[in-house]
Amino acid sequence: MSLKQQQQARSRLRQQRLRIAFFGYLIVLVFFAVLQFIGVYFFSKGFLLTRQVLPNVAECGDAGCFPASQFDKTVLLVIDALRFDFVIPVEGSEADPYYHNNFPVLYDLMKNQPDNAILLKFLADPPTTTLQRLKGLTTGSLPTFIDAGSNFDGDAIDEDNWLLQLHKRNKSIAFMGDDTWKALFSHYINPDLHFPYDSLNVGDLHTVDNGVIEHLFPLLNKSRSKEWDVLIGHFLGVDHVGHRHGPHHHAMKDKLHQMNQVIEDVISKIDDKTLLIVMGDHGMDPTGNHGGDSAEELESAIFFYSKNRKFHINKHDASAYDTSNCGQNYRAVDQIDLVPTISLLLGMPVPHNNLGFPIDEVFGNNKDLSLASHITIEQINNLRLASSELKSEQNEKFTEKYEFISEHYSKYGKNKKYFADLIAEAKSFHAEFLEHCKGLWARFDLILIGLGISVMLLSLSFVLTYSRSIPSVRVSTMSFEFIGSIIAMTLLGIVSSISIFIVLRPSGVTLRTCLLLGCAIGISIGFWAPIMDRFSLVWLWHQINDFFHYNLNVWSAMGLIMVLFHSMIFASNSYVIWEDKLVNFFLSTFGFCCLGGCLKSSKPSNQRYLGAMHAATFILMSRLVSTINLCREEQREHCTPTFKTSWWTVLVLHLCSYLLPSTIKSFYKLSSSYHSAGPLWIGTGMKFLMIMNASYWTIEYIENNDYFQLNAKSFLDLGLTESLKLGIARIVLFIALILANFSWSRGPLCVKIELSENSQGVQVESSSDSSDENEPEMASPVPRQPRSPAATILGYGNVYGSSYFLLVINVICAVLLVTKPLGAISLSMMVVQLLSLLEIYDILGLQRNLVAVIIFCLLGYQHFFSTGHQATIPSIQWEIGFMTTQTISFPFTHLNILLNTFGSFFIICIAVPLITLWRIPPSTKPITLLSQIVTNVTTLLTYQTVISIMSFIFAAHFRRHLMVWKIFAPRFMLSALLLIVFNVTLTFGTMWFATSRVLTQVNRIFGK
């Protein structure tokens, strides 16, 4: 066999070994992801409990149904996100011209016709999402926190509600507006009078409202009034303006004026036998979003009006007309109180699962209110008796109290002297039982919570041992031992769990729980069995000691301190609130340490000064990024939000489309790598996509700008800009996510062979052909004697990193599109930070140091906050979902929101192999190189796992804390989602698609 054939055979063998090692790593990472997903599932199941839903349908009880002869018809108008201060007069400096005093009709009617109109503050129960509010407004039940997750996947309501009661009585229900009603109540709405519209495209301010108006007023005409008994209209314009622009915008003023006119026109058309109800389902925070539990999000308005009905109102109550303090002195009622109120007024039973209480003012006198109260208390008692979940040690107390109230009512129910006392007794019973229910549904399954945390701790031991304790080369040879052992033990665990479930039939335990627990135990045993067989606990302890003894230098200690401090913030709600500032401090501290380290380095002076410049660049970029923030509600007194779109942000975005590619080009030229695919990707492709991104947001700014709205409204109304935006967004995402990635996987490396007469060429010399050594040995360019012509391989010293970074550029371009202008500017600075870090790591020799990966992860957190996100539900930018489609369309809507919310983490996950690959020539041991990449990948997973476990532990610890649902629960949910994002992206994106391509291509071309 010739020498060339022997080299080709060795190359093929090396390629085969590399593929085998790669698949071994990949499968082990998949098992690790499964283990973590099981832990997240157990904890979430135990922490985010759902309430028991009873299928019972109420009938008129012993007290009968309330007489409803006063109203023949009811018109219910829901104005989504109608915050209470939008409808009352606000004077002085507190008044905002855009959303105050632009909807006066409700207050004016209450003031001028106090016997016929009632205006009250309407308090929602969190979470303040539309679907959960509609459930509460129709069933009278309390939502649980996990219900918020179904806001975009609503199923038909399967419990008693007042629409079902109307349907049972052959009443015709007409509906127009938010299509959420279609998902929940389509069985009860008259199909001939059903006009739903897509509800989640917050960029569309008028289609839903115009559709409601189009169908509403014809049905109010006398000629068609016999077609319906209850008419429901759900307007969305106010909510969409809030999401798109915030309340402080001229579009909000226009929309409130429109709603004011609609209510005036409706009042002019209804007759004396029609009840009008106008209400909001929730409010909005100062940014226009909702979902949390701030006062602005919880306080909406409810208004009752009848032309001949005399409502019960205390005319001496001055607070009913108080215009000070933005409505703080108005009487407030719970939203669930609408359910017994409307049911009783329409002569129907109160829905079986209701927990609300009749609204006092709606009933004409104490006699009516006393009867309404008694009927409601009877219904609540029936719910208590029917529900096993509501039975407790207090059951006997509630029984005695109900019997006492019933006895009093049977004796004195017709004596007006006792009406007030009977009402007070009913209210007392209701208030006590409601608090009992709230406490009950705030209970947690501590067993499932404990299982979840235990499985997460097992996964942590798994990844720590796999990534840092066992030498990387031995892990490579042991991968298939792990796989076989894990599969065998998992099957054994599943079979054992099924057997235990069938034999013991443990109460309160489902088969799914047993299967998942058996699977988790099997994976854990399967992982540890080969280690205990190959090594021992004593050996493992020595490995851990050796790691800390030999690897724990100043830089590693700094990384561990950052991990410790970051994980301990969950012990305090104040630190969780200010997590963004903590992350900024960590990064700035690291930057200054790098600056000092570069200046004191033993490297040549030119490298020291170059490293110092990179460190200064990193510090400057980190400082600029830290000025971009979206304040949480809890931060407002000490935080000024800067995350806003203005003309200068759009201008800077255009500048970035030229400056960023030029900056990346300069980094590539430092290693002579700007060749072949480099100019095409960076100088042409990236610049084109960024210009398209900037053009998209320019059009968006023009559409929303006051000046263009006033001076070019006729042009904007043509819809050309919307079509242009859709086209740009689809082109950019198609190129960035599909075309560019496909081309990258088939494209050339960033190297170039240069021929010259009097230059030295490069030949690659390897000292060993083995791939089993503990340390990677890099090939080095060895000069040979000049000859004519000579060949020089430009970019040889960074062949891995320069080619791999092109993939990162593809991801960056996709994320930039779905990020608002100031966030896109932040991500542009993130790219400079990443490249500066890679150069610093090379100069300081930090590629194998813990701190290298930790800083990468912290960079992801920094830009999560700087792109307008916080660990809160209202900060989710739902409107981004409709950049590429005008309606909800899977997977495009969901993909946009995922890229927008977790874009910085996607970039970090894809970029983490660069820590190993940047500025190294082709390796003679690609398996060792792959093992080091896996070490960095699993270290990144370790960091996020530690953060997630600590957020889980403290969320469970503070489950009775006043701020649990406002601070600790959303942060735990973010940690759980990040674990899923990290595992999926690192396993199937970074390892499967990205790393394997670069290593195999370089190994094939250079024969290493």
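Remark: the backbone N or O of Thr935 is paired with a side-chain donor or acceptor of Thr938 at under 3.5 angstrom. In terms of modelled atom types and a separation under 3.5 Å, the side chain of Ser904 and the main chain of Gly860 share a donor-acceptor contact. Judged by distance alone, with hydrogens and angles left aside, the side-chain atoms of Ser567 form a donor-acceptor pair with the main-chain N or O of Leu564 at under 3.5 Å. Side chain of Asn936 to main chain of Pro913: no donor-acceptor pair is present (N/O by atom type, distance under 3.5 Å, no hydrogens or angles).
Side-chain contact check for Cys514 versus Val509: some heavy-atom pair is nearer than 4.5 Å. Residues Val818 and Thr884 are not in side-chain contact: their nearest non-hydrogen atoms beyond the backbone lie 4.5 Å or more apart. Proximity of Asn900 to Ile876: side-chain heavy atoms (C-beta onward) are nowhere separated by under 4.5 Å. Put simply, the side chain of Leu850 does not reach to within 4.5 Å of the side chain of Met562, judged on heavy atoms. Looking at Leu737 and Asn810, their side chains never come closer than 4.5 Å, going by heavy atoms from C-beta outward. With a 4.5 Å cut-off on side-chain heavy atoms, Val40 and Phe952 count as touching. Considering only heavy atoms from C-beta on, Thr987 stays 4.5 Å or farther from Trp992 through its side chain. Put simply, the side chain of Val455 does not reach to within 4.5 Å of the side chain of Leu516, judged on heavy atoms.
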Derivation of the ring pair (Phe, Tyr, Trp, His ring centres under 6.0 Å) call for Phe570 and Phe968: CA-CA 8 Å; Phe570 305 107; Phe968 294 106; 8.5 Å; no
Side chain to side chain contact (heavy atoms under 4.5 Å, CB included), that's the test. Do Ile910 and Tyr804 meet it? Break it down for me. CA-CA 9 Å; Ile910 295 297; Tyr804 188 89; 4.0 Å; yes
I'd like to know whether Leu917 forms a side chain to side chain contact (heavy atoms under 4.5 Å, CB included) with Leu999, so could you lay out the CA-CA distance, the side-chain angles of the two residues, the decisive distance to 0.1 Å, and finally the verdict.
CA-CA 9 Å; Leu917 298 177; Leu999 293 182; 4.1 Å; yes
Practice task
Dump the intermediate steps for side chain to side chain contact (heavy atoms under 4.5 Å, CB included) on Leu986 and Leu940, then the final yes or no.
Solution key: CA-CA 9 Å; Leu986 289 170; Leu940 187 63; 4.0 Å; yes
inquiry  = If you apply the rule side chain to side chain contact (heavy atoms under 4.5 Å, CB included), what do you find for Met489 with Leu492, and how did you get there?
reply    = CA-CA 5 Å; Met489 290 298 101; Leu492 179 61; 4.2 Å; yes
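The minimum heavy-atom distance linking Leu448 with Gly46 is given by the pair CB-CA, 3.7 Å. Among all heavy-atom pairs drawn from Ser44 and Phe972, the shortest one is OG-CZ, 3.6 Å. Across every non-hydrogen atom of Arg997 and Ser803, the tightest pair is NH1-CB, 4.4 Å. Considering every non-hydrogen atom in both Ile449 and Ala956, the closest pair reads CG2-CB, 3.7 Å. Residues Leu929 and Ser923 share a closest heavy-atom pair of CD2-CB, 4.2 Å. The nearest pair of heavy atoms linking Ser556 to Asn849 is OG-OD1, 2.9 Å.
The distance from the CZ atom of Phe902 to the CZ atom of Phe982 is 10.0 Å, given to the nearest 0.5 Å. The structure places OH of Tyr861 at 5.0 Å from CG of Leu978, a figure rounded to the nearest 0.5 Å. Separation of atoms CE (Met991) and CD1 (Ile933) is listed at 7.0 Å; rounding is to 0.5 Å. Considering CG of Leu807 and CH2 of Trp744, their distance stands at 4.5 Å, rounded to 0.5 Å. Rounded to the nearest 0.5 Å, atoms OG (Ser497) and CG (Leu511) are 7.5 Å apart. For the atom pair CE of Met950 and CZ of Arg971, the computed distance is 12.0 Å after rounding to the nearest 0.5 Å.
Legend: residues meeting side chain to side chain donor-acceptor pair (under 3.5 Å) with Thr985, ordered by chain and number and at least two apart, are absent. The side-chain contact (heavy atoms from CB on, under 4.5 Å) check on Thr1000 picks up Gln15, Leu18, with sequence neighbours excluded. When the side-chain contact (heavy atoms from CB on, under 4.5 Å) test is applied to Ile521, the partners found at least two apart in sequence or on another chain are Leu517, Ile525. Checked against side chain to side chain donor-acceptor pair (under 3.5 Å), Ser485 has no partners two or more places apart in sequence or in another chain. With sequence neighbours left out, Leu491 forms a side-chain contact (heavy atoms from CB on, under 4.5 Å) with Ile487.
Here the rule is side chain to side chain contact (heavy atoms under 4.5 Å, CB included) with Leu941, and of Leu979, Val946, Val853, Asn983 only Asn983 fits it.
Defined by atom type and a distance below 3.5 Å, a donor-acceptor pair is present between the side-chain atoms of Tyr943 and His566.
Ring-plane geometry between Phe47 and Phe43 is classed as parallel, the angle between the planes falling under 30 degrees on a 0 to 90 degree scale with a further cut at 60. Using cut-offs of 30° and 60° on the angle between ring planes, the pair Phe954 and His957 is perpendicular. Ring geometry for Phe905 against Phe864 counts as tilted: the plane angle lies between 30° and 60°, on a 0 to 90° scale.
Counted within 6.0 Å of CD1 on Ile447, heavy atoms from surrounding residues, nucleotides or ligands total 12 or fewer; the atom is thus considered open.
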Enumerate, atom names and distances included, each donor-acceptor pair closer than 3.5 Å involving a side-chain atom of residues 457-464, sequence neighbours excluded.
{"unit_1": "Ser459", "atom_1": "OG", "unit_2": "Gln36", "atom_2": "NE2", "d": "3.3"}
{"unit_1": "Ser459", "atom_1": "OG", "unit_2": "Met456", "atom_2": "O", "d": "2.6"}
{"unit_1": "Ser461", "atom_1": "OG", "unit_2": "Leu458", "atom_2": "O", "d": "2.6"}

